[in-house]
Participant: 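Would you mind keeping the following structure in view while I ask a few things?
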2 protein chains.
Amino acid sequence: MLGSCGSCGQCLHCEARSRSICSVIDPDHVARLAQYSHRLAVSPGKTFIQEGEAASDFFIVTSGHAKLFSLMPDGRRQIMGFAQAGDFLGLASGATYAFSAEALGSLSLCRFSRAGLALLRREFPDLENRLMEEASRELVQAQKSMMLLGRKTARERLASFLLEQHQRSPTREIVIHLPMSRTGIADYLGLTIETVSRTLNALQREKLIAISQVTQITLLNLPALEILARGG
Amino acid sequence: MLGSCGSCGQCLHCEARSRSICSVIDPDHVARLAQYSHRLAVSPGKTFIQEGEAASDFFIVTSGHAKLFSLMPDGRRQIMGFAQAGDFLGLASGATYAFSAEALGSLSLCRFSRAGLALLRREFPDLENRLMEEASRELVQAQKSMMLLGRKTARERLASFLLEQHQRSPTREIVIHLPMSRTGIADYLGLTIETVSRTLNALQREKLIAISQVTQITLLNLPALEILARGG
DNA sequence: CGTTGTGTTGACAACAGTCAAACATGGTGG
DNA sequence: CCACCATGTTTGACTGTTGTCAACACAACG
């Protein structure tokens with residue numbers, strides 16, 4: 001019997017396993033992780049990372065979704081990304097966190113102290129590679145977002161967003177379920193909720209998508225969406 | 001006598017030293033770097049990294065400036081950042097480069113093969129830390145850009161840009177010299193050249209800055225610029 | 001001196017934002 | 001079970017910031 005991972009109690013069998021830390025740790029030593037980490041449940045809507053506070057911990061999402069965002073003094077909000085099972089939280093931090101994080105629905109995390117993680121990195125070189133690989137992946141994703149926010153139209157942003165959600169879903173079905181509200185989509189894409197709503201409905205009228213429920217969208221024409229998303 | 005670094009011939013005495021790779025390598029072993037790297041001069045305007053090509057190399061800027069950008073099929077351009085002495089190029093890459101890079105003026109680089117860098121990382125754990133630290137720094141910077149592109153007005157973007165240039169200059173003088181053209185600024189801030197020109201002149205009329213030459217701007221009122229840049 | 005590239009300025013257009021109202025949705029308690 | 005309310009979403013009318021197109025200024029350079 002495989003049993004559960006020493007660190008998060010579920011890494012060895014949950015969907016997140018293949019991308020989590022456990023996957024690069026020699027099974028004989030997985031128990032070592034438990035010394036530096038513990039599980040954490042976050043209730044819906046709770047902010048569990050506050051921008052600007054000392055970055056003492058590092059997290060791995062084991063189930064649920066979170067939004068990572070930053071606020072301007074007058075309340076304008078930019079969402080940097082959404083994290084789901086297997087994602088790392090806290091790579092983009094110096095001495096303090098560079099973003100806030102809030103649970104979308106209920107959320108389970110695996111928390112590592114940064115000091116503990118530093119020790120583990122020395123002990124397991126594969127872990128080091130895994131973190132670096134993840135940092136590169138996030139950097140590439142951030143650059144895609146910069147192109148989206150700086151140069152794409154509202155239609156192109158929505159098409160890009162829907163395809164991104166599609167690609168991140170475990171099943172890759174053409175029906176996607178959105179864990180965030182219209183406000184979440186707007187703050188991620190640098191738009192207003194009205195523009196998000198109008199644009200989604202325009203895409204529906206053009207038969208590129210079908211909005212069955214507010215948070216459930218069917219991608220009816222993937223090739224057309226892909227052309228739209230990359231801008232021609 | 002200190003002499004020059006085995007890898008780039010100048011890391012040990014150039015301005016970039018403190019942030020370069022050499023600074024974390026035991027001086028006795030610095031010559032090992034030379035086995036995996038060599039110097040490279042790039043002429044002005046030359047594209048030396050092509051988005052989408054196999055990411056076989058990793059670079060460190062030793063002098064000059066480069067712009068990192070991505071293009072859409074119809075020619076829309078987003079500049080992800082400007083690199084100067086000491087900056088790393090190529091962290092944001094999977095199998096292929098996620099961006100193109102072009103020299104602004106003449107540029108000197110130190111090139112490492114990725115395979116060689118992988119060997120060096122195993123050999124020098126401090127190098128591993130240095131790369132991770134740099135990846136975090138870039139990630140934080142990318143998130144600031146996302147806020148800028150998604151939520152800031154043209155005035156706020158220009159103020160943010162000028163302060164960023166100010167903070168990156170080695171001298172921290174209030175007179176800053178821009179290595180890029182108006183097109184470069186526009187493509188970095190997600191604006192058009194006309195808006196950049198109009199907005200800079202508006203800031204000048206309001207006595208926040210003075211434009212002595214096209215590429216030379218004096219920051220006359222740092223506190224006001226900071227308030228503007230963060231949005232109130 | 002023309003010529004070319006780059007930057008500035010003006011008139012106008014358009015995409016997305018703002019404000020407001022109507023409309024769903026979902027939960028709660030009578 | 002349904003009325004009620006709170007929250008979130010859609011739709012409409014209008015505004016405004018930024019983009020587009022075009023003319024012009026200016027410097028660098030042969």
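All chains are named by letter (A, B, ...) in the order of the sequence lines, taking the proteins before the strands, and each is independently numbered beginning at 1. Hydrogens, waters and symmetry mates play no part in the numbers below; they use all other heavy atoms, side chains included.
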Participant: Given the structure, check if the side chain of A/Arg182 and the base of D/dT11 hold any donor-acceptor pair shorter than 3.5 Å.
Facilitator: no
Participant: In whole Å, I'd like the distance from the CD1 atom of A/Ile193 to the C1' atom of C/dA24.
Facilitator: 14 Å
Participant: Could you pick out which residue, B/Met180 or B/Arg151, lies toward the 5' side of DNA chain C when each is mapped onto its nearest nucleotide?
Facilitator: B/Met180
Participant: Looking at the side chain of A/Asn201, which of D/dT10, C/dA16, C/dT9 is the nearest nucleotide?
Facilitator: D/dT10
Participant: Mind calculating the distance between CD1 (A/Ile185) and C1' (D/dT9) to the nearest angstrom?
Facilitator: 11 Å
Participant: Send over the distance from A/Glu156 CD to C/dC15 C1', rounded to a whole Å.
Facilitator: 12 Å
Participant: Is B/Leu148 close to B/Tyr188 at the side-chain level, that is, under 4.5 Å between some pair of heavy atoms?
Facilitator: no
Participant: Can you measure B/Glu194 atom CD to C/dA11 atom C1' for me and round it to whole angstrom units?
Facilitator: 13 Å
Participant: From C-beta outward on A/Leu191, which listed nucleotide comes closest to its side chain: C/dG17, D/dT18, C/dT18?
Facilitator: C/dG17
Participant: Kindly indicate whether the side chain of B/Arg198 and the base of C/dG10 share any N or O donor-acceptor pair separated by less than 3.5 Å?
Facilitator: yes
Participant: Is the backbone N or O of B/Pro44 less than 3.5 Å from a side-chain atom of B/Ser106, with the two atoms forming a donor-acceptor pair by type?
Facilitator: no
Participant: Does the ring center of A/Phe69 lie less than 6.0 Å from the ring center of A/Phe99?
Facilitator: no
Participant: For A/Gln216 and C/dA24, what is the distance between atoms CD and C1' respectively, to the nearest whole Å?
Facilitator: 17 Å
Participant: Does the side chain of B/Thr195 get closer than 4.0 angstrom to OP1 or OP2 of D/dG19 through an N or O atom?
Facilitator: yes
Participant: With a 4.5 Å heavy-atom cut-off, do B/Glu51 and B/Tyr97 have their side chains touching?
Facilitator: no
Participant: Taking atom P of D/dG19 as reference, at what distance in whole Å does atom CZ of B/Arg76 sit?
Facilitator: 12 Å
Participant: Side chain of B/Ala154, heavy atoms from C-beta onward: which of D/dT18, D/dT9, C/dG7 has the nearest atom to it?
Facilitator: D/dT18
Participant: Whole angstrom is fine here: how far is it from CG in A/Asp187 over to C1' in C/dG17?
Facilitator: 14 Å
Participant: Measuring to OP1 and OP2 of D/dT18, would you say a side-chain N or O of B/Thr192 lies under 4.0 angstrom away?
Facilitator: no
Participant: Atom CZ of B/Arg157 to atom P of D/dT17: distance rounded to whole Å?
Facilitator: 14 Å
Participant: Identify whether NZ of Lys or CZ of Arg in B/Arg111 sits under 6.0 Å from the centre of the six-membered ring of B/Phe59 and within 45° of that ring's axis.
Facilitator: no
Participant: Please work out if B/Gly184 contacts a base, only the sugar-phosphate, or nothing of the nucleic acid, heavy-atom cut-off 4.0 Å.
Facilitator: nothing
